[in-house]
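Structure first, commentary second.
Predicted model, so just to flag it, every value in this text is computed and none were measured. In each ligand, atom 1 is the first atom listed, and ligand 1 is the first ligand listed.
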Amino acid sequence: MKLWGGRFETGPSEIFERFSGSLEFDQRLIIADIRGSQAFARALERVGILTAEERGQIVSAFDQIAAATSGPGFFEGAADEDVHTLVIRKLRESAGAVADKIHTGRSRNEQVSLDIRLWLRDECDDLRALLAGVMRRLLDLADKYSGAVIPGYTHMRRAQAVLWPHYLLAYFEMFARDWERFGDARRRTNVMPLGSGALAGSGFPFDRDAIADDLAFDSVTRNSMDVSGDRDFALDFLFACTVTMIHLSRLAEDWILYSSEEFGWLELGDGVTSGSSLMPQKKNPDSLELIRGKCGRVMGCLTSLMVTMKGLPMTYNRDMQEDKVPLFDAGDELAGCLAMMSTVIESTRLNPERPASAAEESWVVATDLAEALARAGTPFHQAHQIVGRFVLESVRSGKKPSDWTAEEMQKFAPEFSADLAALLDPSKGIHSRELPGGTGPTAVAAALANAKHRLGEMIV
Ligand code: ARG
């Protein structure tokens, strides 16, 4: 069955049919297409195209079709151009001639926009729930080692000591913004397009607000050409997916390093790692590598749809059919990565002595010393110089911070008062960073409590 054909002398060639058909991938929209069509049948009744009885027949036939979709062989042998065509054919097969009225005043251009919006808003909810799962596991891991001190890095060089929970909370904040981004994407998606027709607005006076209420949309779209020509709501979703993947990828990268022999901070669970077919000793972080690898794929989905859209003349063009594969792929991959990351986090153990000694063996305390001098009155620029020379001397003589005594320090520079030697321990300096957002223990405890509270409020 075709939804067009009268104007043609011959049918489409086989190669064109195969080339242009989208059923293979857009069948995933079938429930959205059916629910949208049921709401549309009710709208057709309200404008007098369907009687109450016809509407009743159509709606219940659609319920049966929806129930059958999950059964065996539903799509078998279907040669329909797309999911919209298939749904109408199924309706005709089960409800008879009344099905011929269902597409009155409706275009597939608005229908596809509706279906994607219905699908996407559920997808946003599902992904937000998975994101909340990752965030919960991060907080659990922060609680488990709440006093652990690690060196924080810039340029992949040991920079300043931070608390382990402070590090995890940085990722919590990124994921919390991703959670909000999916909320924003959902809000822009949750606008009802039906009534737009092919591009000019339907020729039937539908009560569009009633359709929006019926399908639980927040509002109706304002311009029919915008509906058939635009997909920026889908780009919003793909952007949110991509940024989340970037955050996951960076966490994965950190933990690939932190669980290496060189770092030895983390032990990943056996259940999320794999061995080598040749080297018996290997325990490889494949789960994290795949998360990092899939980031490129999801980013590719965003790029793909952006490039598809960039040169399209108004309004609908068949190019836009290419929106679905990247949308589904990005959603699936992100869902898989979020679930995987939750399991990885759950399985991970911190070996706190390793990062603690990495901090102690390095000069992460240098800033603490310079700031202490500045607090005691030495202008910071000079303090920076003094500590810089102190570090240079230590590096030259192979001394780590704990090798110095207060007397030796004072001999090196009279500005180093006796109490300053305490700051040679990396776990001391963090106490000067108690301002909001800092890594002081009290500030971090408050941030952790705040994060738990916010996570509790993140209901979808
Ligand atoms: N399968 C099409 C798509 O995804 C549905 C819209 C078809 N519209 C058309 N004018 N051919 O874009």
Side-chain angles (χ1 to χ4, degrees), residues 1-8 10-37 39-40 69 75 78-92 99 102-123 189 191-203 221 223-238 301-302 304-332:
M1 188 190 110
K2 287 238 166 322
L3 296 176
W4 45 271
R7 186 241 175 275
F8 294 81
T10 64
S13 64
E14 205 189 304
I15 185 170
F16 173 65
E17 281 215 302
R18 226 177 318 115
F19 179 72
S20 61
S22 55
L23 186 60
E24 195 189 318
F25 49 88
D26 68 13
Q27 56 178 257
R28 197 148 162 186
L29 296 173
I30 190 149
I31 295 295
D33 201 79
I34 290 171
R35 299 297 170 218
S37 295
F40 191 62
T69 54
F75 291 100
D80 309 274
E81 182 180 320
D82 53 25
V83 67
H84 325 292
T85 314
L86 173 133
V87 165
I88 292 176
R89 171 172 65 78
K90 293 274 183 187
L91 182 67
R92 192 151 212 308
I102 188 63
H103 211 54
T104 312
R106 182 178 72 167
S107 160
R108 281 179 297 164
N109 297 352
E110 56 184 332
Q111 205 182 346
V112 71
S113 172
L114 177 86
D115 293 1
I116 297 173
R117 288 168 194 266
L118 288 171
W119 181 84
L120 266 185
R121 67 184 193 187
D122 285 349
E123 190 73 359
T189 297
V191 185
M192 206 291 297
L194 288 188
S196 299
L199 78 161
S202 180
T221 54
N223 183 293
S224 60
M225 294 180 83
D226 176 37
V227 166
S228 69
D230 189 63
R231 288 289 180 272
D232 66 29
F233 63 93
L235 291 173
D236 281 344
F237 172 80
L238 287 171
C301 292
L302 170 64
S304 154
L305 187 57
M306 288 199 292
V307 177
T308 299
M309 297 306 297
K310 75 170 266 296
L312 294 187
M314 284 285 270
T315 52
Y316 178 83
N317 299 269
R318 192 66 177 270
D319 316 42
M320 290 161 71
Q321 180 169 289
E322 294 295 314
D323 58 359
K324 286 162 215 64
V325 172
L327 276 179
F328 297 150
D329 194 40
D332 290 347

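- Salt bridge annotation for Glu14-Arg18: present, with a cationic side-chain nitrogen under 4.0 angstrom from a carboxylate oxygen.
- For ligand 1, one of its N or O atoms has an N or O atom of Tyr316 under 3.5 Å away.
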Salt bridge (charged side-chain N to carboxylate O under 4.0 Å, His left out) between Arg28 and Asp115, intermediate numbers included: CA-CA 10 Å; Arg28 197 148 162 186; Asp115 293 1; over 6 Å; no

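- Classification of Arg108 and Glu81 as a salt-bridged pair holds, one side-chain N sitting under 4.0 Å from a carboxylate O.
- When only non-hydrogen protein atoms are considered, atom 11 (N) of ligand 1 lies nearest to Arg108 NH2, 3.8 Å.
- Residue-ligand proximity, Gln321 to ligand 1, at heavy-atom distances under 4.0 Å covers atoms 1 (N), 2 (C), 3 (C), 4 (O), 12 (O).
- Residue contacts with ligand 1, taken as heavy atom pairs separated by less than 4.0 Å, do not involve Glu81 at all.
- The shortest contact between atom 5 (C) of ligand 1 and any protein heavy atom is with Asp82 OD2, 3.6 Å.
- Residue contact check: Val112 has heavy atoms under 4.0 Å from atoms 4 (O) of ligand 1.
- Remark: ligand 1 atoms within the under-4.0 Å shell around heavy atoms of Ser22 are 1 (N).
- The atoms of ligand 1 that sit less than 4.0 Å from any heavy atom of His84 are 5 (C).
- In this model, a donor atom of one side chain and an acceptor atom of the other lie less than 3.5 Å apart for Thr315 and Ser228.
- Side chains of Ser37 and Arg106: a donor on one and an acceptor on the other come within 3.5 Å.
- A salt bridge is absent between Asp26 and Lys324: the closest approach of a Lys/Arg side-chain nitrogen to an acidic carboxylate oxygen does not fall below 4.0 angstrom.
- Between Met320 and the options Leu312, Thr308, Leu305, a side-chain contact (heavy atoms from CB on, under 4.5 Å) holds for only Leu312.
- Only the side chain of Lys324 comes within contact range of ligand 1, with a heavy atom under 4.0 Å; no backbone atom does.
- Looking only at heavy atoms of the protein, atom 8 (N) of ligand 1 is closest to Asn109 OD1, 2.9 Å.
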